[in-house]
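Notes follow the structure.
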Amino acid sequence: MPHNQFALLRQRRFAPFFVTQVLGAFNDNVFRNATIVLIVSQLGLAASQASLYVYLAPALFILPFFLFSGMAGQFAEKYEKTRLIRWIKLFEIAAMSIAAWGFYAHHAVLLLVVLFLMGLHSTMFGPIKYAILPQALHADELVGGNGLVEMGTALAILFGMMLGGGLMLSPVHGPLLASLAVLAIAITGYASSRAIPPAPPTAPGLHISWNIVAQTARALSLCTRQRAVFNSVLGISWFWFFGTALTAQLPLYAKDNLGGDGSLFLLALGVFSVGTGIGSLLCERLSRRTVEIGLVPLGAFGITAFALDLYFARPGMATVHGLGIAAFIQANGSLRILFDLAMIGVFGGFFLVPLFALVQHRTPKSELSRVIAGNNILNALFIVAASLSCVAAQRWLHWSIPRFFLGLAILNAVVAIYIFTLVPEFLMRLCSWLLVNTLYRLRVDGIENIPDEGPALIVCNHVSYMDALILGGSIPRPVRFVMHYRIFDIPVLRWIFRTARAIPIAGAREDPTLMQRAFADIEAALDAGELVGIFPEGRLTSDGGIAAFKSGIERILAARPVPVVPMALRGMWASMWSRRDTRLGRLRAPRRIRAHVDVVAGAALDGAASNAAGLEAQVRALRGDAA
């Protein structure tokens with residue numbers, strides 16, 4: 001298994017798909033920008049007619065997402081995905097052949113038809129693009145794989161726009177060069193798709209419905225089945241709203257507020273796109289290869305902070321105009337503006353990648369393609385809303401572009417707070433991520449042994465007050481931890497534990513009613529298909545070793561014999577907040593801060609055949625204790 005996301009680029013299970021996806025996004029933007037440049041500068045159309053075509057172009061491209069996303073989701077569930085990809089790439093070659101004739105004949109209407117066809121191409125490919133990743137990658141590779149896809153897409157959009165416009169601006173051979181480019185890219189994309197390994201259908205028995213309205217409604221309905229998934233879909237759609245609104249303003253912003261020539265827009269867009277790519281790639285390292293949704297609120301707050309600073313960096317119009325890239329960079333305040341754009345992109349990557357990974361990880365595999373289709377419908381709706389908001393801000397509210405950026409920043413904060421209020425798990429994971437990564441240096445091993453779906457019991461040794469936070473941050477699925485009520489009631493941590501729906505428990509002599517309620521809650525959680533985490537020792541270790549596991553675990557498994565995953569914490573005894581560190585004010589060794597801690601998971605065991613002594617031996621072996 002590769003140790004980082006870049007190793008995936010050398011593996012057949014990912015690399016051909018990645019190349020195919022990037023080339024598709026690249027060709028979309030080469031064709032779209034070449035078409036717009038041809039219409040605006042080379043057809044000799046009246047200004048009103050050229051403007052009409054330019055406004056129609058994005059509408060025609062996005063229309064298929066509303067009409068055919070539901071159908072695309074069904075196809076991606078029922079049929080083998082690699083074969084579908086190859087048919088879609090052949091369709092792209094046919095569409096680009098028509099486009100080549102449109103470029104040669106200067107046929108604007110025909111090129112607009114091809115824009116619709118390319119929108120249909122992207123609509124059919126979309127559900128496959130994200131649904132194929134969980135089939136090709138291991139659970140701990142999802143974040144890295146999504147980061148690569150988002151990075152590749154962001155750069156493909158940027159370079160596609162540059163190439164499409166640059167080729168068509170060639171005074172003599174522009175249409176010919178653009179035609180050859182889009183055809184060559186389409187053919188190369190088909191060739192790379194031939195190397196993608198098979199991806200079996202996830203719902204081969206699905207009945208295909210040709211009712212567009214019903215299937216659109218069905219795809220949207222599937223998105224709402226799980227609250228966290230639906231709010232992730234809303235978050236992804238909001239990112240598309242924010243990104244569309246921001247980038248749509250960059251051409252005029254670069255000209256009027258930054259005083260630049262045409263090249264400065266490409267610089268601003270490039271800095272934002274590269275920032276998004278960097279943020280997407282960093283997600284794997286920051287999340288330690290798990291689906292760390294704590295990065296989502298971090299991303300949202302970062303976007304707001306740097307969008308606010310973008311407003312204050314240049315709130316008025318430029319005093320000097322016609323600046324090239326070199327002259328702009330040398331001007332006062334220019335580096336601050338570019339840094340703001342780059343950081344909006346970086347935090348955008350933090351925001352977007354974990355959301356896609358969460359949708360992929362928590363959606364049943366037999367529904368994922370249709371959920372992605374519903375996501376694409378909402379994305380399209382938010383993109384249209386973003387375009388309308390740009391028009392409304394300029395024509396009705398008479399806002400300047402910097403003021404529009406200020407409005408976006410404030411609105412982003414409001415939307416983020418609303419989403420995180422609905423699903424406190426996002427903020428809870430951020431708090432635990434910040435705490436754990438501030439105090440410890442974690443290494444996680446064997447997390448792929450945690451079942452992706454269904455109930456399971458997690459058992460682990462108990463060393464410190466932070467154990468539940470560390471395990472919860474290392475396991476991609478939510479875990480209902482059973483913990484002593486006194487730990488549950490620790491100030492500050494109490495809110496995190498309650499938000500995570502931890503189950504407080506007490507001994508039979510301390511509070512028999514609470515103990516009975518805890519066992520009832522455990523059984524209910526397992527019946528609901530959730531993960532439950534317990535520390536069978538019943539108390540924190542007093543000497544760094546493992547005490548005998550109590551019989552409560554056998555009572556749980558007798559009532560509900562679910563798979564059991566043994567886990568072990570190594571290095572926690574020498575860390576902060578262990579029993580050895582009896583008072584926070586009496587740290588005996590600086591090494592306790594930022595201590596190296598290992599989280600190790602063993603293979604899942606049959607709950608019906610497990611007992612306390614056997615599970616204790618498994619945890620001891622994972623911890624490395626001598627037999």
Side-chain angles (χ1 to χ4, degrees), residues 1-4 138-144 284-292 361 429 432-433 435-437 439-452 456-483 531-538 540-541 543-549 553 562-580 591-592 594-607 610-627:
M1 189 182 301
H3 296 290
N4 62 68
H138 302 291
D140 62 347
E141 296 171 332
L142 268 183
V143 173
E284 186 198 47
R285 182 174 181 83
L286 292 174
S287 65
R288 298 184 306 275
R289 304 178 73 194
T290 62
V291 181
E292 181 49 78
H361 194 266
R429 290 290 290 248
S432 63
W433 182 83
L435 275 171
V436 169
N437 283 277
L439 299 174
Y440 308 101
R441 282 173 283 186
L442 293 186
R443 187 180 69 85
V444 180
D445 186 30
I447 292 300
E448 66 276 6
N449 291 315
I450 308 291
D452 291 338
L457 196 64
I458 309 295
V459 299
C460 187
N461 58 315
H462 202 7
V463 188
S464 80
Y465 298 108
M466 297 289 288
D467 292 351
L469 290 182
I470 290 173
L471 292 177
S474 303
I475 297 171
R477 290 177 60 188
V479 183
R480 302 276 308 272
F481 281 100
V482 183
M483 59 180 61
L531 292 180
V532 173
I534 65 172
F535 302 100
E537 295 165 271
L540 293 178
T541 179
D543 58 6
I546 296 179
F549 280 15
I553 189 172
V562 298
V564 185
V565 181
M567 297 187 68
L569 291 167
R570 303 173 185 161
M572 282 299 294
W573 181 243
S575 71
M576 194 171 183
W577 279 337
S578 66
R579 178 65 66 83
R580 177 182 174 186
R591 61 192 175 91
R592 290 177 182 162
R594 299 290 293 160
H596 289 277
V597 174
D598 292 340
V599 180
V600 187
L605 306 172
D606 181 3
S610 299
N611 57 41
L615 291 171
E616 179 190 331
Q618 291 285 335
V619 173
R620 285 183 181 276
L622 290 172
R623 190 174 177 271
D625 291 357

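By the 4.5 Å heavy-atom criterion applied to side chains, T541 and M572 are not counted as neighbours. Taking 4.5 Å as the limit, every side-chain heavy atom of L457 sits out of range of all side-chain heavy atoms of P563. By the 4.5 Å heavy-atom criterion applied to side chains, I546 and R623 are counted as neighbours. Residues V565 and V459 are not in side-chain contact: their nearest non-hydrogen atoms beyond the backbone lie 4.5 Å or more apart. Contact of the I534 side chain with the I458 side chain is not registered, since no non-hydrogen atoms from C-beta on lie closer than 4.5 Å. Considering only heavy atoms from C-beta on, L605 comes within 4.5 Å of L615 through its side chain.
A search for side chain to side chain contact (heavy atoms under 4.5 Å, CB included) contacts involving L531 returns I450, A456, I475, R477, V479, not counting sequence neighbours.
With rounding to the nearest 0.5 Å, the separation of CD in Q618 from OG in S610 is 8.0 Å. The CG atom of L142 sits 11.0 Å away from atom CD of E284, with the distance rounded to the nearest 0.5 Å. For the atom pair OH of Y465 and CD1 of I470, the computed distance is 14.0 Å after rounding to the nearest 0.5 Å.
Here the closest non-hydrogen pair linking M483 and A468 is CE-CB, 3.6 Å. Residues V619 and P566 share a closest heavy-atom pair of CG2-CB, 4.1 Å.
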Under the side chain to side chain contact (heavy atoms under 4.5 Å, CB included) rule, what do L540 and V463 come out as? Steps first, then yes or no, please. CA-CA 5 Å; L540 293 178; V463 188; 5.9 Å; no
Could you check E537 against N461 for side chain to side chain contact (heavy atoms under 4.5 Å, CB included), going step by step and ending with a plain yes or no? CA-CA 7 Å; E537 295 165 271; N461 58 315; 3.6 Å; yes
Start with the C-alpha distance between L471 and M567, add both sets of side-chain angles, then the distance that settles side chain to side chain contact (heavy atoms under 4.5 Å, CB included), and finish with yes or no. CA-CA 9 Å; L471 292 177; M567 297 187 68; 3.8 Å; yes
Please walk me through it: do S474 and L442 pass side chain to side chain contact (heavy atoms under 4.5 Å, CB included)? CA-CA 9 Å; S474 303; L442 293 186; 4.1 Å; yes
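Judged by distance alone, the side chain of D445 and the main-chain N or O of V600 form no donor-acceptor pair under 3.5 Å.
Exactly one residue among F549, W573, F535 makes a ring pair (Phe, Tyr, Trp, His ring centres under 6.0 Å) with H462. That residue is F535.
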